[in-house]
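Chain identifiers are assigned alphabetically (A, B, ...) following the order of the sequence lines, protein sequences preceding nucleic acid strands; residue numbering begins at 1 within each chain. Computed from a prediction, not measured in an experiment: that's the story for all the values here.
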Amino acid sequence: MCGELRAEDAGRDVVLMGWVNRRRDHGSLIFLDLRDRSGITQVVVGEQTAEAHAKAEAARPEYVVAVKGRVRQRAAGLNNPNMVTGEIEVVAEELLLLNESKTPPFSPSEDAIANEEVRLKYRYLDLRRAGMQENLALRSRVAMAIRNYLVGEGFLEIETPFMTRSTPEGARDYLVPSRVHAGQFYALPQSPQIFKQILMISGFDRYFQVARCFRDEDLRADRQPEFTQIDLEMSFPQQDTIFRVAEGFLTAAFAAGGVALKTPFLRMTYDDAIKNYGIDKPDMRLPAMVSLSDVLTPELRTTLRIEQELPVLGFVIPGVGELSGTARKALLSEVRAGFGDCGLDLLDVARLKTNVEFAPLAEAIEAKLSGSDPTHDVDTIMNGAPGLITKSNVSTPKSDADLIIVVTPKIGTPTMWNFDPQWIWKRVGALRLQLGVKYAEKHGRFAKTGTETDFKFCWVTDFPMYEWDEEAKVWNAAHHPFTSPHEDDIAAGRLTNDKGAVRALAYDIVLNGTELGSGSIRIHRQDVQAEIFRSLGMTDAEAKDRFGFFLDALEYGTPPHGGIALGLDRIVMILAGATSLREVIAFPKTAKAIDLMVDAPTPVSEQQLRELHLRVR
RNA sequence: GGGGACGUAGCUCAGUUGGUUAGAGCGCUGCCCUGUCACGGCAGAGGUCGCGGGUUCGAGCCCCGUCGUCCCCGCCA
């Protein structure tokens, strides 16, 4: 292939086929760079081979050609050190133009153009670019590594249906009308959830699937309407069993991408994630938030007009550099404007320092924040309580170049916002991320080094079981209604008395602030499952109507089981250093869920609609 | 559903305060060239300034609407 020839191949007779990447015509001497997915080789066509020369003259970029010739070591000084094939060239004896090409709207020989609309319309040309070829090759290697790992661990890959039953909970379904059954619809699966649980009931105690899932919701850079999950389920697992399997296949996947991961990953509870990062998917490449509540005496709170009981939170954005007075003030007012009228304010630590009265406070804040930078030290993690840590003991000294942000609730700030008592932590966490992005170039922690340090994994455990929906005035399942609550919470009767306090045996795996996947230990007792449906406001009749087949199945000897699903697209995206899923999916959709190449969706004929018993409103 | 950015040649972009015939680089076409590899040289073609309406003596530029792409919020059990 075009990228494989080396100096030791000199003298070999070869046939190369590929696309003309570039043509350099020197009159009686023509160079063709021939490209296929393995790389590029220079072909030389001289006028001694008159027929080949004439064809080389006619060749244009993206023509498909076949070359028969001999590999030659290049003379001294003619090497191209920028190409792996730069020490050789192929001297053409015969040249065939297998196919012509129109002038492409952009050249596959260059880096990605800015205009994604054009890239997606001519996706077949975009995919010829080396970057996309590498991404899709990486994706294939990662998927294969995961399959190999799971099969080696005794998992069976079993396919579940694409055409299934609509479940109105959760994301909107893509529907498929039935021709045979007028007015009835299949739904494309949002996940194979119920099928894989039924496979556990059937005794396939280790199942996995590289499963396509469909959700009719609005898109983001990291969300496509159809996406691929590594979906797995096990019988008789502990939470730790599932963590070990997931860590195992992620290690295999990242090894396929040339990155050696250290396991086990850091773990923290949902509550700790909120308290330390203000979010359930912490990006630990940046220092955590720190509670400064105990640094402020009641007297200081009064003087500085800070609410007595609410948290005071601070964090550091490292390496921002010294800000001028004007720049600091601009930043403060920008952040204050972002707070709107929610009652939060900033403490200007730099200014406090200049005031004799407040200088000790400023120093105390700085001292407290200097230990806030976590590392990925596995020993530290494992020495903590089993599976739980709040913060690493390892600290990074704070330097003057670090930006200190301290958020204070003003007197009169509400303790709840949208019925969420954690809103202050979440708001400050959002600010932390916002400033982290703003100063990304300064702190450099989002930069790609290609090593394991680029990838900060963690498990977030003990998610809440229920979420209050203020608009509908109902409790919803935070994960999904098949998730098992903690035994303690069931025993304490919290399913009925105190839904907000019920913890689920649900967990997420997070990488660099992106949710890679989530899973749970499931409910395996029919009575508990029925109870959960009731606690979600479903009558027994409704539950039977929607999930009757599943409740029935649960009554025939269901083993304890649990599992997890990880987004393959997201894994590959982060591993490839891409910022959009579109870079790792061959034929993705736009933000409006349109395929610009095939132009889908489209209206269909009246005839098709009639067969499906449909009328468009 | 909401907010923001962008839309000028095939591509990447510039276009001043509203003022003559809308520019550059790359690409493309033709010719020349035996050592290039982002080849080079000469010449040339290429525009519904996303679309529609308005203001104006005059609109790429101002206003209104609309379409498309991207990012974010909502949403994503």
Can you check the [X] [atom1] to [N] [atom2] distance for me, whole Å?
| X | N | atom1 | atom2 | result |
| --- | --- | --- | --- | --- |
| A:Asp420 | B:G74 | CG | C1' | 16 Å |
| A:Arg220 | B:C73 | CZ | C1' | 7 Å |
| A:Glu57 | B:G30 | CD | C1' | 12 Å |
| A:Asn115 | B:A9 | CG | C1' | 14 Å |
| A:Tyr122 | B:G27 | OH | C1' | 15 Å |
| A:Gln434 | B:G4 | CD | C1' | 13 Å |
| A:Gln190 | B:C75 | CD | C1' | 12 Å |
| A:Arg72 | B:G35 | CZ | P | 13 Å |

**Item:** N or O in side chain of A:Arg119 less than 4.0 angstrom from B:G10 OP1/OP2
**Value:**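 No, outside the criterion.
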Query - Residues touching RNA chain B, which here means a heavy atom under 4.0 Å, drawn from residues 17-31 of chain A - result: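 When residues 17-31 of chain A is checked for heavy atoms under 4.0 Å from RNA chain B, the hits, listed by number, are A:Arg22, A:Arg24, A:Asp25, A:His26, A:Gly27, A:Ser28, A:Leu29, A:Phe31.
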Is any side-chain N or O of [X] under 3.5 Å from a base N or O of [N], one able to act as donor and the other as acceptor?
| X | N | result |
| --- | --- | --- |
| A:Arg74 | B:U36 | yes |
| A:Gln42 | B:U36 | yes |
| A:Arg215 | B:C76 | no |

How is [X] classified with respect to the nucleic acid when contacts are heavy atoms under 4.0 Å: base, sugar-phosphate, or nothing?
| X | value |
| --- | --- |
| A:Glu467 | nothing |
| A:Leu78 | base |
| A:Val44 | nothing |
| A:Asp218 | base |

Does the gap between the ring centers of A:Phe550 and A:Phe482 come in under 6.0 Å?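 Yes, the ring of A:Phe550 comes within the 6.0 Å limit of the ring of A:Phe482, centre to centre.
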Say whether, by atom type as modelled, one donor and one acceptor occur between the side chain of A:Asp25 and the main chain of A:Gly27 under 3.5 angstrom.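 Indeed, once roles are kept as given, a pair shorter than 3.5 Å links the two residues.
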Can you tell me the Watson-Crick or wobble partner of [N], both distances under 3.5 angstrom?
| N | result |
| --- | --- |
| B:U20 | none |
| B:C6 | B:G68 |
| B:G25 | B:C11 |

What protein N or O atoms touch nucleotides 66-68 of chain B N or O atoms at under 3.5 angstrom, if any, and at what distances?
residue	atom	partner	partner atom	Å
B:G68	OP2	A:Lys592	NZ	3.4
B:G68	O2'	A:Glu117	OE1	3.4
B:G68	O2'	A:Glu117	OE2	2.6

